[in-house]
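Right, one structure below, let's go through it.
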Amino acid sequence: MEDGKMGNATTIRTVLAILQWWGFNVTVIIINKWIFQKLEFKFPLTVSCVHFICSSIGAYIAIKVLKTKPLIEVASEDRWRRIFPMSFVFCINIVLGNVSLRYIPVSFMQTIKSFTPATTVILQWLVWRKYFEWHIWASLIPIVGGILLTSITELSFNTFGFCAAMVGCLATSTKTILAESLLHGYKFDSINTVYYMAPFATMILSIPAIVLEGSGVVSWLYTYDSVAPALVIIITSGVLAFCLNFSIFYVIHSTTAVTFNVAGNLKVAVAVLVSWMIFRNPISAMNAVGCAITLVGCTFYGYVRHLISQQATAAPGPRTPRGRMEMLPLTGEKQGDKI
């Protein structure tokens, strides 16, 4: 009886963790799109900078004031030698995500983001010379096919927005791979990651934001009708961006890898549906089919990755005479959207 109650409590905790993660993630995406489209604040660098500033403050409060998580101490030289390069790629990733949101619909952007597992595997194979079993390559076929179908049939296709989203996938993959090589020895959670990386990202982005968008922001402040409510929305998007990182920490510790993977793909479907209901961007039938194929492919990839992970745990050691076979790519198990 007690076991049943504990099981029910665990299930409820898992569902609540997933729902609050979905809520923060979808809300941040929708608000960002609203800022660019409805508020006519077409300055993705500035919006990203606001997010980094809010996340820096939020992480400091969570760790130093509220003591939610213990601070992971990092040597001063490691902050510049290890964390700074990751922060640079991290910054590029977030900026390109916001740039793509300005030019293409949320549905299209979220579908393209699902291409990240494929870009990670390809980068590891081409640049880092890692090798994977054929199951991994086969699981990428529906992802690539779905992305191609979605791109071809997208009614609101914008070349610049599409390229920004694709390069953003590469940046996400690069950050994941760099994290594996640069942060060995440090077991970062999402809050500590933001604590160290967000200040660096703010420093990196602030000067380009001022130089490239400063005059436009000043002009917007003088010409926009309802500046005060608009600024509240922009700052709120930054606060919610930090809350999203906190929600990722909670959901990672409340779910299994398979549940996290499936929930992540369903989250994309929820974001697509909500964005369509709000912005009413046209979606053709074939475009919806392409998006569905991509999400099914991502779920299949996560399942294959989980099976291979279990095999590797059950039978450790090299599985091929070459000793160069890397059965398990770095992406997919406990990754989430940050900032």
Side-chain angles (χ1 to χ4, degrees), residues 12-39 44 47-63 65-66 68-69 90-91 93-98 100-101 105-107 109-111 113-114 116 168 172 175 188-195 197-198 201-202 232-257 259-279 295 298 333-339:
I12 293 173
R13 186 170 62 249
T14 299
V15 172
L16 290 177
I18 292 172
L19 289 178
Q20 54 90 31
W21 175 44
W22 282 5
F24 282 123
N25 187 275
V26 174
T27 303
V28 169
I29 293 171
I30 297 301
I31 287 183
N32 286 351
K33 185 64 177 178
W34 187 275
I35 289 170
F36 296 131
Q37 184 169 320
K38 302 296 184 179
L39 301 184
V47 171
S48 300
C49 205
V50 170
H51 286 191
F52 289 133
I53 292 171
C54 291
S55 294
S56 299
I57 296 172
Y60 181 86
I61 293 174
I63 291 178
V65 179
L66 300 179
T68 305
K69 287 290 294 181
F90 178 54
C91 184
N93 174 33
I94 300 301
V95 168
L96 289 175
N98 283 330
S100 64
L101 264 181
V106 172
S107 56
M109 188 272 282
Q110 284 289 291
T111 306
K113 277 189 68 175
S114 301
T116 301
T172 302
K175 177 176 68 70
F188 277 121
D189 53 72
S190 59
I191 304 301
N192 273 275
T193 300
V194 175
Y195 178 86
M197 292 176 61
T202 303
V232 170
I233 293 175
I234 293 171
I235 295 173
T236 300
S237 74
V239 175
L240 290 175
F242 168 73
C243 292
L244 172 59
N245 287 276
F246 202 87
S247 72
I248 292 169
F249 162 75
Y250 182 45
V251 77
I252 281 175
H253 287 80
S254 303
T255 63
T256 63
T259 302
F260 187 82
N261 173 63
V262 174
N265 294 321
L266 289 176
K267 177 206 67 180
V268 175
V270 172
V272 170
L273 178 61
V274 173
S275 69
W276 177 81
M277 292 173 63
I278 293 175
F279 299 104
L295 296 182
C298 289
E333 183 175 344
K334 289 289 186 183
Q335 295 297 320
D337 302 293
K338 292 188 174 67
I339 298 195

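All values reported here derive from a predicted model rather than from experimental measurement.
- K33 places a side-chain N or O within donor-acceptor distance of the main-chain N or O of L101, the cut-off being under 3.5 Å.
- For L16, the side chain to side chain contact (heavy atoms under 4.5 Å, CB included) partners two or more places apart in sequence, or in a different chain, are I12.
- Atoms NZ and CD1, from K38 and I30 in turn, are 11.5 Å apart once rounded to the nearest 0.5 Å.
- Put simply, the side chain of W22 reaches to within 4.5 Å of the side chain of L266, judged on heavy atoms.
- A 4.5 Å side-chain heavy-atom check between I191 and T68 finds every atom pair outside the cut-off.
- The closest donor-acceptor contact from the side chain of S247 to the backbone of L244 lies under 3.5 Å.
- In this structure, Y60 places its OH atom where only 12 or fewer heavy-atom neighbours from other residues, nucleotides or ligands lie under 6.0 Å away.
- Shown are T27, N32, V26, N25; of these, the side-chain contact (heavy atoms from CB on, under 4.5 Å) with I29 is made only by N25.
- Across A62 and F242, no two heavy atoms sit closer than the pair CB-CZ, 4.1 Å.
- Side-chain contact between P105 and F279 is absent, with no heavy-atom pair separated by less than 4.5 Å.
- Using a 4.5 Å heavy-atom cutoff, the side chains of C91 and F52 are in contact.
- When all heavy atoms are compared, the tightest approach of G168 to N93 is O-OD1, 3.4 Å.
- Considering only residues two or more places apart in sequence or on other chains, S56 meets the side chain to side chain contact (heavy atoms under 4.5 Å, CB included) condition with A198, P199, T202.
- When every heavy atom of H51 is checked against every heavy atom of S237, the shortest pair comes out as NE2-OG, 3.0 Å.
- Between the CD1 atom in I278 and the CH2 atom in W34 there is a gap of 7.5 Å [rounded to 0.5 Å].
- Remark: I31 CD1 to T236 OG1 distance equals 6.5 Å, nearest 0.5 Å.
- In this structure, Q20 contributes its side chain and A17 its backbone to a donor-acceptor pair below 3.5 Å.
- Nearest heavy atom pair, residue I235 against residue C54, reads O-SG, 4.0 Å.
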